[in-house]
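Reviewing the structure listed below.
In what follows, chains are A, B, ... by sequence order, proteins preceding strands, each numbered from 1.
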2 protein chains.
Amino acid sequence: MRADAKRNYDRIVEVAREVFREQGYDASLDEVAKRAGVGPGTLYRHFPQRENLLDAIMQSWVDRVTEAADKALAHEGPDRELLLDWFQEYVALISQHKGGPAKITSAMGDPDSPIITKCQVLAEANQRVIDRLRQGGALREDIETLQVCRLVGGIATVADQGDLDAPAVRPMLEVVADGLLR
Amino acid sequence: MRADAKRNYDRIVEVAREVFREQGYDASLDEVAKRAGVGPGTLYRHFPQRENLLDAIMQSWVDRVTEAADKALAHEGPDRELLLDWFQEYVALISQHKGGPAKITSAMGDPDSPIITKCQVLAEANQRVIDRLRQGGALREDIETLQVCRLVGGIATVADQGDLDAPAVRPMLEVVADGLLR
DNA sequence: ACCTGAACACCGTTCAAGT
DNA sequence: ACCTGAACACCGTTCAAGT
């Protein structure tokens, strides 16, 4: 990649992070291009689809995902607490930007999504937590981890779109946790 | 309302129902106006906000909602089956149009939404089912019915946006049902 | 009182012309 | 090889002019 191309690429990503933080994942790409000081064509050259840009932004995000799973797994205490801690982390992780829960959760089941690799990291992190509980025999067995992602993702989506705060989300996570534990 | 105004109103609603069925709740209003043979201004006069049009479309919907609740309550059998039957009906009812689950579920908590009266009918139908189970002492008590709507609405939203079919949704409903029952 | 349709703003997307 | 920015399409929304 040419030096000026790389510079533009980096600026776009940096600015996009800022704009998406302010306005959510559905923010105008025109705005991103303008703030980054590039023509719209340049943005489209680097990121043909909107989700390619999201993918670039989520680069640093994956580290936090695995860290959060590690932290949850280090939890000493009842299974229910461990699971709820993880769920809360999960919701926080995908709710970083408005529109994030919906986008990430629907990409989860779509192999062609540009952000699929990022979703897989999240799915694997969730898998590790679920497996740990399964080994202890604490979990029902007729449920796939993808379904768990969808359940928690659904709650996060509703919370995101209805502007609910963490205390309002908590009881819903408890219902799901209790439904999964046996 | 003048005769020609009423005629236009009715045509717009009729056409909108068709367009939304084909393209979902986010379909172009321009398209609706065109097919209805009216200018865009006419559509905006009758329905200043998009949701005002949704509200008009959902007019006949409320009957089906209460019928579904009646049917669920008539169910003779285990509580779990009754609850799951209702949940499946609930998902079907709000998933009539693409984008419906998200829109209806987020309007549920917003007193200013133009479709709030329709949402209330749904909330009351859900309330009746939940109350019935509560009376039997079958349900946990630390959960509000609004939360139940959000939980099931969240699952429907994820299913809608991820193009999941009923068999894929079922296990998620089971988790929620089991989490609610005690 | 109601309707029309031109007009504007905004956004996504493409592409010919430039360096 | 990459960038620019004009250009197009589409859509929501408004409003002056009409009946």
(message) Considering every strand and a 4.0 Å limit on heavy-atom distances, what is the contact class for B:Ser28: base, sugar-phosphate, or nothing?
(response) sugar-phosphate
(message) Taking the side chain as everything from C-beta on, heavy atoms only, tell me whether A:Ile130 gets closer than 4.5 Å to A:Ile143.
(response) no
(request) Could you tell me whether the phosphate oxygens of C:dC3, OP1 or OP2, come under 4.0 Å of any side-chain nitrogen or oxygen in B:Asn8? (result) yes
(request) Classify the nucleic acid contact of A:Ala27 as base, sugar-phosphate or nothing, counting any heavy atom under 4.0 Å across all strands shown. (result) sugar-phosphate
(request) Using Watson-Crick or G-U wobble geometry with both distances below 3.5 Å, tell me the partner of D:dT14, or none. (result) C:dA6
(request) Identify, between B:Arg2 and B:Val38, the residue whose nearest nucleotide on DNA chain C lies closer to the 5' end. (result) B:Arg2
(message) Using every non-hydrogen atom in the two residues, find where A:Ala156 and A:Val91 come nearest and quote the distance to one decimal.
(response) CB-CG1, 4.0 Å
(request) Please say whether more than 12 non-hydrogen atoms of neighbouring residues, nucleotides or ligands are located less than 6.0 Å from CD in A:Glu144. (result) no
(request) For D:dC3, take OP1 and OP2 only and decide whether either is under 4.0 Å from a side-chain N or O of A:His46. (result) yes
(request) Please tell me which of the listed nucleotides, D:dT14, D:dC3, C:dG12, lies nearest to the side chain of A:Thr42? (result) D:dC3
(message) Can you identify which nucleotide, out of C:dG12, C:dC3, D:dC3, has its nearest atom closest to the A:Tyr44 side chain?
(response) C:dG12
(message) Can you tell me which nucleotide in C:dA1, D:dA1, D:dT13 comes closest to the side chain of B:Pro40?
(response) D:dT13
(message) For a quick check under 3.5 Å, do A:Thr105 and B:Gln161 share a side-chain donor-acceptor pair by atom type?
(response) no
(request) Quickly work out the A:Arg45 CZ to D:dG5 C1' distance and round it to whole Å. (result) 15 Å
(request) Using both distances under 3.5 Å as the test, list the Watson-Crick or G-U wobble partner of D:dT19, or none. (result) C:dA1
(message) Heavy-atom nearest nucleotide on DNA chain D for B:Glu31 versus A:Gly41: which residue maps closer to 5'?
(response) A:Gly41
